[in-house]
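Letters go in sequence order (proteins before strands), and every chain restarts at 1.
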2 protein chains.
Amino acid sequence: MTVKAPGGAPPRGPAAAREIWTLLVELSMSNLRERFIGTVTELELSPPQAHALKVLRPGNPIAMRELADGLHCDPSNITGIVDRLEARGLVERRAAPGDRRIKTLLLTGSGVELRARLLDRLSEPPPAIAALTADEQRQLRDLLRRVVGGR
Amino acid sequence: MTVKAPGGAPPRGPAAAREIWTLLVELSMSNLRERFIGTVTELELSPPQAHALKVLRPGNPIAMRELADGLHCDPSNITGIVDRLEARGLVERRAAPGDRRIKTLLLTGSGVELRARLLDRLSEPPPAIAALTADEQRQLRDLLRRVVGGR
DNA sequence: TATTGTTATACTCTATAACTATA
DNA sequence: TATAGTTATAGAGTATAACAATA
C-alpha cells in the first residue's frame with residue numbers, strides 16, 4: 001500500500017509500476033545491501049575503496065580526477081582513499097606522461113587479484129534468483145534489460 | 001562477461017541468473033542510488049536519518065534499542081542520529097511506562113509530515129518502468145515478488 | 001548480573017576552501 | 001587564468017569500550 005502525505009497528490013501511474021519500484025527498493029536495501037556490506041567487510045575494504053577497485057580496471061591507468069568522477073565525490077576525498085589502498089599495496093600512483101600535474105593510478109598484482117575476488121563474489125546470484133525456472137530467468141532478464149537500458 | 005579470479009571456481013548457475021543479478025546491482029548503484037541521495041538531500045536528511053524516519057511509523061513509539069536494530073548499527077550511534085532529528089523537531093524522546101531505563105521515540109507532527117513526503121517521493125517509479133506495457137509490468141512484478149519473497 | 005542509553009575515542013567518508021605545482 | 005592534486009577543517013556515520021541508572 002502507498003503512503004500519502006495528507007493532501008498530497010494521488011499516486012501517478014499504474015499500481016504495478018509502483019509495486020515494481022517498491023520491490024526493487026526492498027531488494028536493494030536488504031538482499032543486495034547485505035551482500036555488498038558482507039563481501040567488502042570480509043575483504044577488509046570500505047565501500048568507497050571497493051567502488052574504487054571496481055572503477056580501476058586492470059591495465060587501464062586513470063587519473064585521480066577520473067576516479068573522483070567515477071566515485072561521484074569531491075577530488076579532495078580521493079587522496080585519502082588512494083592513500084589507504086596504496087598503503088595496502090593494492091594501487092600505485094605513477095607520474096603521467098606529458099602532464100606533470102597528473103598522477104595516474106594503476107592496480108598492482110595483488111590489487112588485480114583482490115578486485116577479481118571482489119567482482120566474483122558480488123556477481124554470484126542469490127538463491128532466490130537461481131530458484132526461478134530457466135524460462136522465468138530469461139523473462140526477468142529481458143525485462144530488466146529494458147528497465148536498465150531505458151534510462 | 002564474468003570476471004574470474006585466476007584459478008577461481010567457474011561461475012555457478014545459468015548465465016541468465018548472473019546477468020539478472022548484475023542488472024539488479026547496476027540498477028541499485030545508479031538509478032536507485034541517485035534517486036535516494038537526491039531525495040534525502042532535498043529534504044535535508046542524511047541517509048541514516050531518512051532510514052530512521054522510515055522505521056519510525058506514526059503512532060508506533062519504539063525504544064532507541066529497537067531503532068538501532070532497524071538501522072543495523074550499534075546503539076551508541078543512535079544517540080547522535082536522534083539528537084539531530086530531535087533538534088529539528090521531527091522526533092521526541094519520551095519516558096517509557098514500566099521501565100525507566102527505556103526511552104521511546106515518537107514522530108512529531110512535522111516528523112509525520114516529512115516522513116510522508118519522503119516515502120511518497122521514494123515510491124515514485126522511474127520512467128523506464130512506466131514505459132513498459134501493462135502486461136510487461138504485471139509480469140515483472142510477479143517475478144520480482146517471487147525473488148523478494150523467496151529469501 | 002544483565003540491560004538501556006550515554007559518553008569517550010578513533011577511524012572513515014563527505015564537502016568547502018585554500019594552497020602548490022604545473023599548464 | 002585554469003587545472004590536478006593536496007592539505008586543513010568541520011560534520012556525520014561507524015564500531016568498541018567504559019559508564020550510570022535501572023532491572
Of A:Arg84 and B:Asp83, whose closest DNA chain C nucleotide lies nearer the 5' terminus? B:Asp83
So if I take every side-chain heavy atom of B:Ile102 and compare against D:dT16, C:dT4, C:dT6, which nucleotide ends up nearest? C:dT4
Would you classify A:Ala96 as touching base, sugar-phosphate or nothing, given that sugar-phosphate means primed atoms plus P, OP1 and OP2, and contacts are heavy atoms under 4.0 Å? nothing
A:Arg93 CZ to A:Leu85 CG distance, which is reported to the nearest 0.5 Å: 9.5 Å
How is B:Pro48 classified with respect to the nucleic acid when contacts are heavy atoms under 4.0 Å: base, sugar-phosphate, or nothing? sugar-phosphate
Just checking A:Ser46: base, sugar-phosphate only, or nothing, at a heavy-atom cut-off of under 4.0 Å? sugar-phosphate
Is a side-chain donor or acceptor of B:Ser110 paired with a backbone partner of B:Leu90 at a separation under 3.5 angstrom? no
Under 3.5 Å donor-acceptor pair, B:Ser76 side-chain atoms to D:dT16 base atoms: yes
In short, A:Leu143 meets B:Glu136 closest at the heavy-atom pair CD2-CB, 3.8 Å
Mind checking if B:Gln49 touches a base, just sugar-phosphate, or nothing, with heavy atoms under 4.0 Å? sugar-phosphate
If you check every side-chain atom of A:Asp99, which of D:dT22, C:dA23, D:dT6 has the closest atom? C:dA23
As a test of reading the structure: which of D:dG13, D:dG5, D:dA15 is closest to the side chain of B:Ile81, going by heavy atoms? D:dG13
Side chain of A:Met64 only, heavy atoms from C-beta on: which candidate in D:dT16, C:dA15, D:dG5 is closest? D:dG5
Sorted by position of nearest nucleotide on DNA chain C, 5' first, the leading residue of A:Pro47 and A:Asp74 is A:Pro47
Rounded to the nearest 0.5 Å, what separation is found between the CD atom of A:Glu113 and the CG atom of A:Leu107? 12.0 Å
If you go through the side-chain atoms of B:Arg101, does one of them form a donor-acceptor pair with the base of C:dT3 closer than 3.5 Å? yes
C:dT20, OP1 or OP2 - any side-chain N/O from A:Arg100 closer than 4.0 Å? no
